[in-house]
*Asks:* 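Dropping the structure in here first, questions after.
Proteins come first, then strands; the chains are lettered A, B, ... in the order of their sequence lines, and each starts at number 1. Just the heavy atoms: all of them, side chains too, but no hydrogens, waters or symmetry mates, feed the values below.
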Amino acid sequence: MSNFIPGQPLIAVVLRIEIKKLRQGDNLILGFSIGGGIDQDPGQNPFSDDKTDKGIYVTRITPGGPAEEADLRMGDKIMQVNGYDMTMMTHDQARKRLTKKNEDVVRLLVTRKSLEEAVKHSMGSYPRQ
Amino acid sequence: MDNESQYSGYSYKSSHSRSSRKHRDRRDRHRSKSRDSSSRGDKSVTIQTPGEPLLDAESTRGDERDDNWGETTTVVTGTSEHSISNEDLTRVTKDLEESTPLECKRFIGPAVGGCLSFFALVTPLAFLILPQVLWRDALEPCGTPCEGLYVSLAFKLLVLLISSWALFLRPPRATLPRFFVFRCLLMVLVFLFVASYWLFYGVRVLEPRERDYRGIVEYAASLVDALLFIQYLALVLLEVRHLQPAFCLKVVRSTDGASKFYNVGHLSIQRAAVWVLDRYYSDFSVFNPALLNLPKSILSKKMTGFKVYSLDESTTNNSSGQSRAMIAAAARRRDNSHNEFYYEEAEMDRRVRKRKARLVVAVEEAFTHIKRLHEDEVASSPKHPREVMDPREAAQAIFAPMARAMQKYLRTTRQQAFHSMESILTHLQFCITHNMTPKAFLERYLSPGPTVQYQQQNGRGRQWTLVSEEPVTSALRQGLVFSLRRLDFSLVVTVTPLPFLRLGEEFIDPKSHKFVMRLQSETSV
């Protein structure tokens, strides 16, 4: 995750992940847990590099669930859900975005540390505009 | 005025005392030993002069009396008549036991002050009485205003009397090496005041036989007012000025590094010295010379290092090379001594703790053997008559089982010089009488107490020497260092000023204390 400067556009290397919701009884579940949000305490986030990062992070993956099948990993930061930005969301708003009953599929843009390193490694320098 | 050298510390003019005190002082001078006013041990801080023997009950070097060691002390200079008179006196009295002249010098200051103040007290009354006695018929009658003045005069004199008794009539606690400047100043002031009033009175009233009695009474009243103001001045200079703290004194004992910090106000060096000594006797733990040396095993190890080398070599031609080799080898060997010191200290701690445990258990057991007999129990034991003992006998009865443990403990902590068997018995008797627990009895032995606990009560006082590079009547200031020397140790006092405090203010609205919870929720989707 790149350093976050408030007010400036955020540049990150992201991965597109598509998760199909699973129906369990009355609920549609995705199979992971989220933590973080702009109303939460960012210092307690074990996955973030920058302890002032108030983004939404994946904190747990249910084994065998749809998220694991779609290769979502613990510690991923969710940048977009179905086109909606998740970097400045409260926790509850994020939850609502992910659990809309009329959507069967969520398309996430996630970023993780290893992605940046892989890009750097392959390209030799970090692409900046 | 008076050129006497030794000024008693804290009793200013014992003013307005009756004439009986003057007589009592004269009697004291002729009395050789006993003194009733010094019930506590007094301290005399004097300048050390050669030839003056200083060993007394507190000295620990009983075997090596050296009466001439004073010649090597670095001593305050100052060729005032003070030192000469001191030398004369000490040549007369060689032994401290018969130091009567020295003791009498303690009271010269207050005696002079007492005379002066008695004189000052009697003066207004004399002003009033003399015209009545000498030319009563010629005086103008003076009715109510004079009587009003009489009343006010009487009350002011009463107030002077009472406040002088309260403030100044105290036994002297210290003898200072130089004049106590403020006290001298005040005595001179009083003398000048009274003398000038007498002068005026003699020239203007007695000579022409003044007839206006009311004027005379007013004159006497004005003298009493002036005396009250001088007493106010004395109160401020002697008692109040040094109360506000201005300096921090660090007092370090030279032998074992025990140190304390004290806050004092503006004082001269000699007064500060007396102040520090007052605190020394109750704050510092008693000086134990037996604790100074490293345990023998460590020192002897070093010695054996040398000895091994010296015995092996016997050739003399390259002795210098050998000695150098010896010293180098010894220097290399020295790396181990701290190790040995550490283990030796640990061993010593363990030994002390072991002995202490045995002592505590022995004392607890001993205390269970006796119990206090209440009044109503006396009649209730016809069957098994118990022997009724007084505290002394009870103490002796239970001392035997704990004596050995106590002696071993005292030997291990090297306190055996401070506690004789008699003193332990007395203390035990005291504790039994006052219903103390064994722990309270042991408190005196488990930790070294302040020096005042070990003092014997004799009126002779303790001899200290004030060693200073500045004249001892100068005021304290930053960076001053002086030391107070006794026979085998000294206290080094360093003066630092207290920092100036800039106090700011911050107002906090009580309603401004608000809190939020730290959220860290995790939701599964």
Side-chain angles (χ1 to χ4, degrees), chain A residues 17 19-22 24 27-48 51 53-54 56-63 65-68 70 72 74-76 78 81-82 86 89-101 103 105-106 108 110, chain B residues 244-252 257-264 283 285 335 338-339 341-343 345-350 352-353 357 446-447 478-479 494-525:
Chain A
I17 291 183
I19 307 181
K20 282 198 170 39
K21 291 193 188 177
L22 184 65
Q24 257 192 8
N27 304 326
L28 282 168
I29 63 160
L30 284 164
F32 64 96
S33 299
I34 53 168
I38 52 177
D39 55 339
Q40 305 284 314
D41 179 18
Q44 315 244 4
N45 191 342
F47 306 110
S48 58
K51 290 302 172 191
D53 187 3
K54 293 187 175 177
I56 309 289
Y57 282 78
V58 175
T59 55
R60 219 163 24 96
I61 311 271
T62 322
E68 195 184 13
L72 189 67
M74 196 167 75
D76 289 353
I78 302 177
V81 171
N82 287 343
M86 298 295 268
M89 283 262 162
T90 68
H91 190 86
D92 213 36
Q93 285 170 344
R95 182 187 57 81
K96 282 189 192 145
R97 285 250 172 271
L98 284 165
T99 55
K100 285 208 174 319
K101 288 217 188 296
E103 290 172 358
V105 166
V106 287
L108 308 175
V110 302
Chain B
Q244 187 185 37
F247 295 102
C248 183
L249 301 182
K250 176 174 181 179
V251 184
V252 182
S259 69
K260 283 261 177 343
F261 287 83
Y262 297 115
N263 284 359
V264 295
D283 284 345
S285 63
D335 289 336
H338 62 82
N339 216 2
F341 179 57
Y342 167 72
Y343 283 116
E345 252 199 7
E347 175 66 29
M348 177 62 115
D349 276 345
R350 205 179 61 84
V352 166
R353 273 203 294 269
L446 292 180
S447 55
Q478 177 184 23
T494 319
V495 180
T496 40
L498 289 176
F500 180 76
L501 303 170
R502 266 191 212 100
L503 214 55
E505 172 199 354
E506 184 183 333
F507 173 69
I508 297 185
D509 187 4
K511 294 203 209 56
S512 70
H513 298 296
K514 297 198 187 311
F515 294 91
V516 289
M517 288 292 290
R518 296 182 83 167
L519 300 171
Q520 64 226 17
S521 30
E522 187 189 355
T523 330
S524 57
V525 295

*Asks:* Please classify the contact between A/I34 and chain B as side chain, backbone, both or neither, with a heavy-atom cut-off of under 4.5 Å.
*Replies:* both
*Asks:* Count the heavy-atom pairs under 4.5 Å between each of B/E522, B/Q520, B/M517 and chain A, then report the option with the highest count.
*Replies:* B/E522
*Asks:* Would you check, one step at a time, whether the test side chain to side chain contact (heavy atoms under 4.5 Å, CB included) holds for A/N82 with A/R97?
*Replies:* CA-CA 9 Å; A/N82 287 343; A/R97 285 250 172 271; over 6 Å; no
*Asks:* Under 4.5 Å from any heavy atom of chain B, what part of A/T99 do you find: side chain, backbone, both or neither?
*Replies:* side chain
*Asks:* Hey, are A/D41 and A/Q44 close enough side-chain-wise for a donor-acceptor pair under 3.5 Å?
*Replies:* yes
*Asks:* So do the side chains of A/H91 and A/D39 get within less than 4.5 Å of each other, counting heavy atoms only?
*Replies:* yes
*Asks:* Does the pair A/K100/A/E103 count as a salt bridge with the N-to-O cut at 4.0 Å?
*Replies:* no
